[in-house]
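Worksheet for the structure shown next.
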Amino acid sequence: MSAQFPIKDITSLIPQKVPFVMVDSLLSCAETEVVSAFTVPAHNIFVENNCFTEPGLVENMAQTIALHTGYNYFVKGEDAPTGYIGSIKKTRISKLPRVNETISTKVNILHEILGVTMVEIVVFNAENVEIASAEMKTVLAS
């Protein structure tokens, strides 16, 4: 079982539910890389002063990692597992996206073993300019 990219309905690929969904499409997914997109809606819980705030960007990063895991479970015909952020390092946010702006988030998987995933993440704005980056470790719930 596989899908054509982009996948616009990601609801079965991540455990998060509205209003806590910070990704809206899966652009690509490979063994060591995943790319998501998100168009910031005005009603998002992390929007302040017409901008998507720092916590929203961090959650977008984490949910992009969840998309990678969820897609791999989808291919096997299984439900997406719940995971948690284990650590965040080297976070840099240079610009906040505005309402209705589409961002893309690229995750490079460094290591994935026993439910622990180490990644590097870069977020780009609509002009393909880097606006945020981080290193993150996520852990699947047991």
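Everything numeric here is computed off the predicted structure, so don't read it as measured data.
Atom CG of Asn108 has more than 12 neighbouring heavy atoms from other residues, nucleotides or ligands inside a 6.0 Å radius. In Lys89, the NZ atom is not crowded: 12 or fewer heavy atoms of neighbouring residues, nucleotides or ligands sit closer than 6.0 Å.
Scored by the side chain to side chain contact (heavy atoms under 4.5 Å, CB included) test, Asn50 finds Arg98, Val99 as partners (sequence neighbours excluded). With sequence neighbours excluded, no residue forms a side-chain hydrogen bond (donor to acceptor under 3.5 Å, both in side chains) with Glu101. Partners of Glu31 according to the side-chain hydrogen bond (donor to acceptor under 3.5 Å, both in side chains) rule, which considers only residues two or more places apart in sequence or in another chain, do not exist here. Legend: residues meeting salt bridge (Lys or Arg N to Asp or Glu O under 4.0 Å) with Lys106, ordered by chain and number and at least two apart, are Glu33. Considering only residues two or more places apart in sequence or on other chains, Thr117 meets the side-chain hydrogen bond (donor to acceptor under 3.5 Å, both in side chains) condition with Glu112. In this structure Ile88 satisfies the side chain to side chain contact (heavy atoms under 4.5 Å, CB included) test together with Val58, Ile85, Thr91, Ala134, Met136, sequence neighbours excluded. Shown here are the side chain to side chain contact (heavy atoms under 4.5 Å, CB included) partners of Pro6, two or more places apart in sequence or in another chain: Lys8, Leu27. Applying the side chain to side chain contact (heavy atoms under 4.5 Å, CB included) test to Glu130 and every residue at least two apart in sequence or in another chain returns Arg92, Val122, Phe124, Ser133. Considering only residues two or more places apart in sequence or on other chains, Lys90 meets the salt bridge (Lys or Arg N to Asp or Glu O under 4.0 Å) condition with Glu135. In this structure, the ring-ring contact (aromatic ring centres under 6.0 Å, His included) partners of Phe46, at least two apart in sequence or on a different chain, are Phe20. Remark: Asp9 engages Thr11 in a side-chain hydrogen bond (donor to acceptor under 3.5 Å, both in side chains) (not counting sequence neighbours).
Taken to the nearest 0.5 Å, the CD1 atom of Ile65 stands 12.0 Å off from the NZ atom of Lys137. Between atom CD1 of residue Ile103 and atom CE of residue Met61 there is a gap of 8.5 Å, rounded to the nearest 0.5 Å. In this structure, CG in Asn60 is found 9.0 Å from CE in Met22, a value given to the nearest 0.5 Å. Atom-to-atom distance recorded for Lys95:NZ and Asn125:CG is 5.5 Å, nearest 0.5 angstrom. In this structure, OH in Tyr84 is found 10.0 Å from CG in Leu140, a value given to the nearest 0.5 Å. Here Thr105 contributes atom OG1 and Ile121 contributes atom CD1; the two are 8.0 Å apart, rounded to the nearest 0.5 Å.
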Verify side-chain contact (heavy atoms from CB on, under 4.5 Å) between Val21 and Ile10, making sure each step is shown before the conclusion.
-> CA-CA 9 Å; Val21 175; Ile10 52 82; 4.0 Å; yes

Could you walk me through whether Ile109 and His68 pass side-chain contact (heavy atoms from CB on, under 4.5 Å), step by step?
-> CA-CA 9 Å; Ile109 288 113; His68 183 266; 3.6 Å; yes

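None of Val40, Leu57, Asn49 except one satisfies the side-chain contact (heavy atoms from CB on, under 4.5 Å) rule with Leu96; the exception is Leu57.
No continuous path of ILVMFWY side-chain contacts below 4.5 Å connects Leu110 to Ile113, so the two sit in separate hydrophobic clusters. Under the 4.5 Å side-chain heavy-atom criterion for Ile, Leu, Val, Met, Phe, Trp and Tyr, Val35 and Val129 are members of distinct hydrophobic clusters. One hydrophobic cluster holds both Val47 and Ile93 under the rule that ILVMFWY side chains link at heavy-atom gaps under 4.5 Å. No chain of hydrophobic side-chain contacts below 4.5 Å, direct or via other Ile, Leu, Val, Met, Phe, Trp or Tyr residues, connects Tyr73 to Leu26. Both Phe5 and Val34 are assigned to one and the same hydrophobic cluster, defined by single-linkage of ILVMFWY side chains at heavy-atom distances under 4.5 Å.
Of all the heavy atoms in Ser12 and Ala80, the pair that sits closest is O-CB, 3.8 Å. Considering all non-hydrogen atoms of both residues, Pro15 and Pro81 come closest at CG-O, 3.5 Å. Tyr71 and Leu13 make their closest contact through CA-CD2, 4.1 Å (heavy atoms, listed as atom of the first residue, atom of the second, distance).
Taking the side chain as every heavy atom from C-beta outward, Leu67 and Cys29 never approach each other to under 4.5 Å.
Residue pairs meeting the side chain to side chain donor-acceptor pair (under 3.5 Å) criterion with at least one member in residues 34-45, sequence neighbours excluded: Ser36-Thr64, Thr39-Thr102.
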